[in-house]
Amino acid sequence: MSSLIIPRTLHFQLYDVLDAEALCQRPRFADYSREAFDAVLESARGIAADLYANHQKTNDEHEPTVEQGRVVLNPGVKPAFDATAEAGLLAASADGDLGGMQLPHVISAAAYALLDSANAGTASYPLLTVGAANLIAECGSAEQKATWLPPMFSGRFTGTMALTEPEAGSSLADIRTSAIRHQPSDVYHISGTKIWISAGEHEIAENIVHLVLARIDGAPPGTKGISLFIVPKFLLNADGSNGQRNGVTLGGLIHKMGWRGTSSTLLNFGEKEPCVGYLVGEPHKGLAYMFHMMNEARISVGRTATGMGHAAHGHAVEYARTRRQGRPPNAKDPLSPPVPIIEHADVRRMLLESLANVDGSLALILECARLVDDQATAPTPEERAQAAALLEVLTPLAKTCPSIWCQAAISNAMQVMGGYGYAREYPVEQLYRDNRLNQIHEGTNGIQALDLLGRKVVQQNGAAFLALMARIRATIASAAQTPLKPLADQLGAALGDWAACTQALGAAMAKDPVRALANANVYLDVAGRVVYAWLWLRMGVTADGRRSTVDDDELRGFYEGKLAAMRYWFAFELPRISPDIALLSRLDSTTLDTDPAWF
Ligand SMILES: Cc1cc2nc3c(=O)[nH]c(=O)nc-3n(C[C@H](O)[C@H](O)[C@H](O)COP(=O)(O)OP(=O)(O)OC[C@H]3O[C@@H](n4cnc5c(N)ncnc54)[C@H](O)[C@@H]3O)c2cc1C
C-alpha cells in the first residue's frame, strides 16, 4: 500500500507557482512542452506504483543478505531499477549528446519524488547512479565520459559515493585511504577502508562504479590533499565488457534502522588484490569535485524526505476521513454516532501541520531544482549567477529542513492513526524509521547548520544571503498588493529580524567564531522557518488568485487547503523564530559553558 504525491499537488507547484512551462522557451528545452513534461511524470508515476511500491514493505522485512560472498537484494529491486533506466530517467537531465533526455531538473526532481514516496530503499540505486554519472559528466575527462557514462545512464552499471571512513565521517579532512601512482601506467593503486557506502555491493547491474576520495602519496594534509578516483568493481576490457575483478571487496553489510532495501557496506580497497583507481581531474582537487555530487545529493536527500512525508500525510488523511471515533465537545447525546476523527480540531491541527511541512518541503526542493536549471540556462549571466548564489545558501536548508519537518509530519501521521500508526501492519511506522536516516545522510544536520552560518550566509560579504533577501522581498512586494498583505507585512518584519541577527552573528564570528557558531543549529531552524514562510506566501498568492476563477468545488477546496496551510505556518511556526533570534543575538553560551565532565 503506498500513497504517492498526487498529480494536482505536483502540477500546482510546477506550473502554477514555478511556471516550469516557461522553460520550454529556452534553447536547451525547446523540444519540450507541458504535455511532454506530464508524460514523463505519468511514466514515473506508473513505475513508482507498479514496480517500487510493490516491494516497499518486503524491502523492510528482508534486508540484503550475504550468501556465499554475494550480496542478495529483494527481488523487486532489479525490475524497478531496470524500468527506471528503460524510461530514460537515469539520464533524465543529462545532455542529449551524452545520451540524456535533457529534461529540466525541476521536472526530473518531481519524477524522482514519486519514486521516493513509493520506496526510498529502492530509489537510492538510481539516485546514487545519477549522482555519480553527473559528477563524471561534470569533472571527468573525455575518455572517462565515453567509457563510464553510457553504461551508467543505461542502467548497465550503478554508482556510489565513497567518502566516509571509520575514523573520518563529518571531518573528511582526516581521510586516510591512499592512492599510489602505478608506473608506468596511468592508474593508481588504492588502499584503505570505507564505511557506510550505500549500494556498495549487489548484483542488480553488471558493474559498480565507486567514486572514491583518497590521498595521493605525499599530498598536503587536510582537505587540500584529497583526490577523486573512479574505482570500478570490474575492470573493463578494451571493448567495454567486464574484465577481471578489481581489488575492492565487501568487508560486511551494516544493519541499519531504515532504508533497508539499500545495501549498506563496509568496503576494503586493495586488501588482498591491487585495487585500480582512475584519477578524475587534477590531483588534490577531489573534494571540490565531490561537492558537485554532494550538493546534488543533499537536495536529493531533502527530496526523499519530502516524498516520504507526502506518503505518510496521504495515509493519515485517508485514515482520518474514514475512522469514526468520539464526538465533538458540544455533543450532548451519548447515543449519537461517532464522527470521523478528521472532525476533531486536534486531528485537523496535526494534519494541517503535516500539510504545511510536506508541501513547504516540496516547494523548497522544486525551487532548488528550478535554480539548478536557472544556473545553467537562464537568459542572462546575472540571472545565472544569482541562481548559483541562491543555491549555495538554500542547499543546507534543502537537505535539513525536510528531514526534520517531514519527520514531524510522519510522526503526526502515526498519531492521527492512533495505535495503528505504531503497528508494522500499517505503513507509516516504516516511513518514520526510513526518514529518520535523512538527518544523517549527506552530512549530519549539525554539519549543515555550521555550513549555513559559518560559510554560506557570510561568504563574499553575504552575497548569497543578500540574493535570497532580494528574492523574498520581491514576493513580499507582490503579496502586499493582494488580500494577503497582513502576512506579507509579518514576513517583512521576520525577514528584518533574521537579517539583523545574521549581521550580528557575522560580526561576532570575526571576533569569536566558537561562540558565534555554538548555536548554529538554532540559526538553521530560524532560517528554515523564514524560507518556508516565503515559499508559503508565494504559494498562497497563487492559490488566492486561482480559487476565485474555478467553479469546480474540489479544485477550489484544494486551493483553500493551500491557503489554510499557509495561515497555519504564519500563525504557529513563523512566530517561533522570535525567542530563537533573541537567544542567537545575545550569543547565548549555555552549551559552551557546560563542561564535558559534567555529563
Ligand atoms: C544509512 C547511512 C548511509 C550512508 N551512506 C553513505 C554513502 O553512501 N557514502 C558515504 O561516503 N557515506 C555514507 N554515510 C556516512 C555519513 O555521511 C556519515 O555517517 C556522516 O557524515 C557522519 O559521520 P559519522 O557517522 O562518522 O559521525 P561523526 O562525524 O562522528 O559525528 C557524530 C556526531 O558529532 C557531530 N559532529 C562531528 N563533527 C562535528 C563538528 N565539527 N562540529 C559539531 N558537531 C560535530 C555530528 O554532527 C554528529 O552528531 C552513510 C551513513 C548512514 C548512516
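Whatever order the structure lists them in is the order used to number ligands and atoms, beginning at 1. Bear in mind that the values here come from a model prediction, so they are computed numbers and not experimental data. Numbering starts at 1 and runs along the sequence shown. All values below come from the heavy atoms of this structure, side chains included, with hydrogens, waters and symmetry mates left out.
Under the 4.0 Å criterion applied to side-chain N and carboxylate O atoms, E203 and R70 are assigned as salt-bridge partners. A salt bridge links D60 with R433; the closest basic N to acidic carboxylate O contact falls under 4.0 Å.
Residues lining ligand 1 at a heavy-atom distance below 4.0 Å are given as M161, A162, L163, T164, G169, S170, W196, I197, S198, K256, L437, I440, H441, T444, I447, L450, ordered by chain and residue number.
Listed by chain and number, the residues in a salt bridge (Lys or Arg N to Asp or Glu O under 4.0 Å) with K399 amount to none (sequence neighbours excluded).
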Steps toward side chain to side chain donor-acceptor pair (under 3.5 Å) verdict (E392, Q459): CA-CA 10 Å; E392 285 277 303; Q459 67 194 6; 2.9 Å; yes
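Screening residues 434-447 for salt bridge (Lys or Arg N to Asp or Glu O under 4.0 Å) gives no qualifying pairs among residues at least two apart or on separate chains. Every pair passing side chain to side chain donor-acceptor pair (under 3.5 Å) that includes a residue from residues 302-314 is listed here, sequence neighbours excluded: D116-R303, T304-N438, H310-D359.
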